[in-house]
Amino acid sequence: MKIAVVGTGYVGLVTGTCFAETGNQVICVDIDAAKVARLKQGELPIYEPGLDVLFHRNIEEDRLKFTTSLVEGIKDAEVIFLALPTPPGENGSADLKYILGVAKDLGPLLENYAVIVDKSTVPVGTAEKVRAAIAANAKVDFDVVSNPEFLREGVAVEDFMKPDRVVIGTSSETAKKVMEKLYAPLVRQGNPVIFMDERSAEMTKYAANSFLALKITFMNEIANLCEKVGADVDDIRRGIGTDSRIGKRFLFAGIGYGGSCFPKDVQALAKTSQEYDYDFRMLNSVMAVNDDQKKKLLPIVRKHFDGNLKGKKIAVWGLAFKPHTDDIREAPALENIVALLEEGATVLAYDPEAMENTKRLISNVTYTHSAYDALDKADALMIFTEWPQFRTPDFAKMAELMNDKVIFDGRNLYELKQIREHGFLYYSIGRETQNLRELINIY
Ligand SMILES: NC(=O)c1ccc[n+]([C@@H]2O[C@H](COP(=O)([O-])OP(=O)(O)OC[C@H]3O[C@@H](n4cnc5c(N)ncnc54)[C@H](O)[C@@H]3O)[C@@H](O)[C@H]2O)c1
Ligand SMILES: O=c1ccn([C@@H]2O[C@H](COP(=O)(O)OP(=O)(O)O[C@H]3O[C@H](CO)[C@@H](O)[C@H](O)[C@H]3O)[C@@H](O)[C@H]2O)c(=O)[nH]1
């Protein structure tokens, strides 16, 4: 099939590359000329495990191309994916200017029937708006389909190639057949392609992300309570996750959820609820708890240093919002680093992939070549991302490098027994950590 993908970010690039891998002819379109120039030279603008092999193979085998021209990109395309940004607008609802802008441009350019597929996360009713924007200037027949994407960054290729399910919102039999054919190679193991109407598909995406954000937030609140009552949230996680009705995944308490999706999508669903005069109280709690959770370690850090961070040297491990990505959008590390700097601390930071992106936002941090380099004479270590390489460090070496053996761990990486054996003062989330109970009253 001939496919165009408009918007070549995390979703567009993975979508385009994976559909090229299943034998389609794909052209990815982006307005960012510098990005397209890099892509044309075979350079990936993002770090996403497993993507490079597929990307290079499909370019070499002539199935994957890039352009800045919408006209060139959509010429003869049977399917046109919109993988454009939907950032929060001023009032918190998803800003549709990118989607509707491209939809308006598409109308006069369509020469044959095409299925326009909305892969971006968009509020209920958007497919109708896209259809109207295209129809205003279209000379040919077309269909608009909602096909929300559920990939996770860091495992995007695997999620895309083996989706738990594919959701397709359409009322057109023709579009349904086209989409069925396109996705057939990805669901050979029997994972379902679930058809529904456009509005339900749009809502499904927000329901999925909000539910996952809620699941994490529930565990974060259990963690906060564990600290008060003297219980261990990791034990609770094991205790409830084995109940198949609850499930083991997305139960890890920590320093709050970040990324380009959960924060904006929970907010956008809350906004939709407001617009439809429904008070979705849970969503407001999820947002408020998560805002607090991201700042949760700071009062403990302050207390540890008797309220004065001036001149303290803080090492930071992890900048990305999660491991296996270079994405720092809404990453908890960022606001914590800014607060530390504002209070007079010096920060040495290390992340395997996200330092370049962070440097563009925060310059007055020393970015180091390795995790251990960041520990040089540090008064404490703060951990924000659970990169595998942080999980089993050489504690003796850490102790030698650091000025003081103190760890504030936002991802619960270490066993309490293990860390105590090495003589560290250790603060983590929702566990009966050393000294933590004495500090609980500061919450
Ligand atoms: N990142 C994820 O993990 C993820 C997963 C599922 C769904 N989504 C949703 O998918 C959508 C895209 O997200 P993303 O993370 O890929 O965004 P992104 O910011 O990484 O990429 C968007 C791309 O669109 C390009 N663009 C903007 N205007 C354009 C135009 N007029 N024509 C062509 N290209 C244009 C930008 O230059 C950019 O390269 C969002 O709605 C997001 O919520 C994201
Ligand atoms: O048990 C957990 C699981 C995740 N997180 C945090 O939650 C955030 C999001 O993680 P994850 O969902 O793995 O990454 P995303 O790439 O943001 O993926 C989410 O957002 C995408 C964009 O909409 C969806 O496509 C995915 O299905 C959805 O999982 C990160 O900050 C994680 O640290 C936790 O704190 N505890």
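Indexing begins at 1, ligand by ligand and atom by atom, following the structure's order. None of these values were measured; they are calculated from a predicted model.
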Would you call Glu21 and Arg57 a salt bridge, taking side-chain N to carboxylate O under 4.0 Å as the test? yes

Could you identify the single nearest non-hydrogen protein atom to atom 28 (C) of ligand 2 and state the distance to 0.1 Å? Phe262 CE2, 3.6 Å

To which protein heavy atom is atom 33 (O) of ligand 2 closest, and what is the distance rounded to 0.1 Å? Arg411 NH1, 3.3 Å

Could Lys119 and Glu149 be called an ion pair, given the rule that one side-chain N must be under 4.0 Å from one carboxylate O? yes

Under-4.0 Å salt bridge between Lys75 and Glu72: no

Where does Leu151 meet ligand 2, judged by heavy-atom distances below 4.0 Å: at the side chain, the backbone, both, or neither? backbone

Does Lys322, backbone or side chain, put an N or O under 3.5 Å from an N or O of ligand 2? yes

What protein heavy atom lies closest to atom 3 (C) of ligand 2? Include the residue and the distance to one decimal. Phe250 CD2, 3.5 Å

Do the side chains of Glu153 and Lys322 get close enough for a salt bridge, i.e. N-O under 4.0 angstrom? no

Tell me, do Ile216 and Phe252 make a side-chain contact under 4.5 Å, heavy atoms counted? no

Any salt bridge between Lys205 and Asp265, counting N to O under 4.0 Å? no

Quick one: are Leu361 and Ile328 in side-chain contact, heavy atoms under 4.5 Å? yes

Check whether any N or O atom of Glu153, backbone or side chain, sits under 3.5 Å from an N or O atom of ligand 2, and answer yes or no. yes

Hey, does Phe150 come in under 3.5 Å of ligand 2, counting only N/O atoms on both sides? yes

How far is atom 1 (O) of ligand 2 from the closest protein heavy atom, and which atom is that? Phe252 N, 2.9 Å

I need the atoms of ligand 2 closer than 4.0 Å to a non-hydrogen atom of Asn209, numbered in the order shown. 20 (O), 22 (C), 23 (O), 24 (C), 28 (C)

Quick one, list the residues around ligand 1 where some non-hydrogen atom comes in under 4.0 Å, by chain and residue number. Val6, Gly7, Thr8, Gly9, Tyr10, Val11, Val29, Asp30, Ile31, Asp32, Lys35, Ala83, Leu84, Pro85, Thr86, Tyr98, Val102, Ser120, Thr121, Glu149, Leu151, Glu153, Lys205, Ser260, Cys261, Lys264, Arg329

Could you check whether Arg165 makes a cation-pi contact with Phe150, meaning its NZ or CZ is under 6.0 Å from the centre of the six-membered ring and within 45° of the ring axis? yes

Parallel, tilted or perpendicular: which one describes the rings of Trp387 and Tyr47, with boundaries at 30° and 60°? tilted

Taking only non-hydrogen atoms of Gly258, do any sit less than 4.0 angstrom from ligand 2? yes

Using heavy atoms and a 4.0 Å limit, tell me yes or no: is Gly259 in contact with ligand 2? no

Begin from the C-alpha positions of Asn112 and Glu78 and carry the test side-chain hydrogen bond (donor to acceptor under 3.5 Å, both in side chains) through to its verdict. CA-CA 8 Å; Asn112 306 302; Glu78 292 157 77; over 6 Å; no

Starting from atom 17 (O) of ligand 2, which protein heavy atom do you reach first, and at what distance in Å? Phe321 CE1, 3.4 Å

Counting only heavy atoms not in Met203, do more than 12 sit closer than 6.0 Å to its CE atom? no

Below 3.5 Å, N or O to N or O, backbone or side chain included: is there any such pair between Cys261 and ligand 2? no

What orientation do Tyr183 and Phe19 show, parallel under 30°, tilted 30 to 60°, or perpendicular over 60°? perpendicular

Residue that, paired with Glu198, satisfies side-chain hydrogen bond (donor to acceptor under 3.5 Å, both in side chains) out of Ser146, Ser172, Ser171: Ser171

Derivation and outcome, side-chain hydrogen bond (donor to acceptor under 3.5 Å, both in side chains), residues Arg63 and Asn58: CA-CA 5 Å; Arg63 285 188 299 269; Asn58 284 285; 2.8 Å; yes

Under-4.0 Å heavy-atom contact with ligand 2, by part of Lys205 that carries it: side chain

At under 4.0 Å between heavy atoms, what of Arg152 touches ligand 2? The answer is both

Look at ligand 2 and say whether Glu330 reaches it with a heavy atom at a distance under 4.0 Å. no

Which of the atoms of ligand 2 are close to Glu149, meaning less than 4.0 Å from one of its heavy atoms? 25 (O)

Pick whichever of Ile429, Thr325, Ile216 has a heavy atom sitting closest to atom 35 (O) of ligand 2. Ile216

Check ion pair Arg199-Glu128 (N to O, under 4.0 angstrom): yes

